[in-house]
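Taking it in order: structure first as structure tokens, then the write-up.
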Amino acid sequence: MKILVIMHIASEGPGTLGEFLESCGAELTTIRLYNGEKLPVDVGAYQAVISMGGPMNVYEFEKYPFLEEEHHFLKRVLDMDKPVLGVCLGAQMIAHACGGSVTRSPVEEIGWSTVSLTDEGENDPFFQGVPARLEVLQWHGDMFHLPPAAKLLATGEDCPHQAFRFGKAYGLQFHVEVTPEIISEWFDQSELLPGMLRRFGEIEEELSSQARTLYKNFVETFQD
């Protein structure tokens, strides 16, 4: 099981998602776009592609040329009908590649919040085995809009578009892959850090269990 992981910044790696995949025996190939690493021309050897988060915006092609390269790469992967998972910026990149737009979110979300599954989400294989309401970590100012033929799987009070599915591609606007180390790096020098870590400690068991269920469900999309 070979999986390609795309990173846009050093601080936004796959976290517990990577740990889970490696525990399943997956071989992860990580492309660090921020370091000038190039996406592969041939993706035939990979069973799935994962695009992680980042502070940039999908439309900042001039400032971050690798975003345009990823945009075309994801379009090719989607045309091949390979399973794809996007987190935060990664979800927006997938939506954009599918023909959806990305705009400012009604509210910039930073910190812990609750997202709710839609009827489509409750019936989708990806969210099987988790509750209809999930507490997750947010850090985004933009929001994806649904591409044509996509299904909205989760919504939020402040940001209505939280998860979607397009064929075998899934996009999550929120984070479930975080660890205390990731949170500490993101909120370094912020007065929010103690509260972020305290809440993580309070919900760690529940968050970890739900995250593992989502990861397992995603893996099953390309192991069937």
Side-chain angles (χ1 to χ4, degrees), residues 4-9 12 14 17 31 33-34 39 43 48-111 113-127 134 136-177 186 214 218 221:
L4 186 73
V5 178
I6 303 171
M7 287 179 57
H8 307 98
I9 189 172
E12 298 211 31
L17 171 57
I31 305 297
L33 296 180
Y34 58 93
L39 293 162
V43 294
V49 174
I50 296 170
S51 180
M52 298 306 301
M56 55 286 295
N57 301 311
V58 299
Y59 38 80
E60 293 185 294
F61 284 0
E62 291 189 11
K63 188 175 181 180
Y64 303 100
F66 59 72
L67 291 179
E68 185 171 12
E69 296 171 17
E70 183 182 353
H71 174 77
H72 294 296
F73 174 81
L74 288 174
K75 290 185 74 171
R76 287 195 293 114
V77 172
L78 291 162
D79 286 343
M80 296 171 67
D81 201 29
K82 281 188 176 291
V84 186
L85 176 63
V87 178
C88 201
L89 172 63
Q92 296 167 7
M93 291 294 297
I94 294 171
H96 195 218
C98 293
S101 62
V102 177
T103 64
R104 297 299 293 175
S105 172
V107 176
E108 182 181 37
E109 294 188 299
I110 299 177
S113 74
T114 300
V115 299
S116 300
L117 301 184
T118 63
D119 289 343
E120 291 278 0
E122 289 193 53
N123 291 307
D124 193 275
F126 184 84
F127 284 105
L134 304 168
V136 296
L137 188 64
Q138 303 273 14
W139 195 324
H140 66 99
D142 279 1
M143 174 187 73
F144 64 79
H145 293 266
L146 289 182
K151 303 295 185 182
L152 183 66
L153 304 182
T155 186
E157 183 175 339
D158 292 326
C159 175
H161 301 157
Q162 293 286 351
F164 75 94
R165 177 182 184 175
F166 180 91
K168 293 182 180 178
Y170 287 93
L172 307 179
Q173 187 59 73
F174 50 86
H175 298 272
V176 297
E177 80 285 359
W186 288 3
L214 296 178
F218 178 65
T221 67

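Given the structure is predicted, the values throughout are model-derived calculations rather than measurements. Just the heavy atoms: all of them, side chains too, but no hydrogens, waters or symmetry mates, feed the values below. We're numbering straight along the sequence, starting at 1.
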*F127 and A163: which non-hydrogen atoms are nearest, and at how many Å?*
CZ-CB, 4.0 Å
*Is atom CD of E60 surrounded by more than 12 heavy atoms (other residues, nucleotides or ligands) closer than 6.0 Å?*
yes
*side-chain contact (heavy atoms from CB on, under 4.5 Å) partners for A95, two or more places apart*: F144, P147, F164
*Sequence neighbours excluded, which residues qualify as side-chain hydrogen bond (donor to acceptor under 3.5 Å, both in side chains) partners of H161?*
none
_Among residues at least two apart in sequence or on other chains, which ones pass side-chain contact (heavy atoms from CB on, under 4.5 Å) with E68?_
F61, H72
*Residue list, side-chain contact (heavy atoms from CB on, under 4.5 Å) with E120, at least two apart or on another chain*: T118, K151, L153
*Starting from the C-alpha separation in whole Å, work towards a yes-or-no answer on side-chain contact (heavy atoms from CB on, under 4.5 Å) for L17 and F218.*
CA-CA 10 Å; L17 171 57; F218 178 65; 5.6 Å; no
*Might you point out which heavy atoms bring A97 and L74 nearest each other, and give the distance in Å?*
CB-CB, 3.9 Å
_If you count heavy atoms of other groups shown closer than 6.0 angstrom to CG of D158, is the number above 12?_
yes
*For the residue pair D142 and L89, establish whether any side-chain heavy-atom pair is separated by less than 4.5 Å.*
no
*Rounded to the nearest 0.5 Å, how far apart are CZ of F166 and CG of L146?*
11.0 Å
*Do the side chains of W139 and C88 get nearer than 4.5 Å, heavy atoms only?*
no
*Can you see which heavy atom on G53 is nearest to which on I9, and at what distance?*
O-CG2, 4.2 Å
_Close side-chain approach of V58 and L67, heavy atoms under 4.5 Å_ = no
*With sequence neighbours excluded, residues passing side-chain contact (heavy atoms from CB on, under 4.5 Å) with P106*: M143, P160
_Main-chain N/O of G100 paired with H145 side-chain donor or acceptor, under 3.5 Å_ = no
_So, taking the atom named NZ in K82 and the one named NZ in K168, what distance separates them when rounded to the nearest 0.5 Å?_
9.0 Å
*Heavy-atom check, side chain of P14 versus side chain of M7, under 4.5 Å*: yes
*Indicate yes or no for a side-chain donor-acceptor contact from R76 to the backbone of L78 under 3.5 Å, with no hydrogens or angles considered.*
no
_Within-4.5 Å side-chain heavy-atom neighbours: F126 and L172_ = yes
*Nearest heavy atoms of Y59 and V102, plus distance in Å*: CE2-O, 4.0 Å
*Return the minimal non-hydrogen interatomic distance between P125 and R165, and the atom names on each side.*
CD-NH1, 3.7 Å
*How would you list, by chain and number, every residue that makes a side-chain hydrogen bond (donor to acceptor under 3.5 Å, both in side chains) with Q162, sequence neighbours excluded?*
E109, Q138
*asked:* For M56 and H8: C-alpha separation, side-chain torsions, deciding distance, then whether side-chain contact (heavy atoms from CB on, under 4.5 Å) applies.
replied: CA-CA 8 Å; M56 55 286 295; H8 307 98; 3.8 Å; yes
*Taking C-beta and beyond as the side chain, do F73 and I31 meet within less than 4.5 Å on heavy atoms?*
no
*Write down the atom of E70, the atom of S51, and the distance for their closest heavy-atom approach.*
OE2-OG, 2.7 Å
_Whether the H140 and Q92 side chains hold a donor-acceptor pair (N or O, under 3.5 Å, no angle test) is what I'd like checked._
no
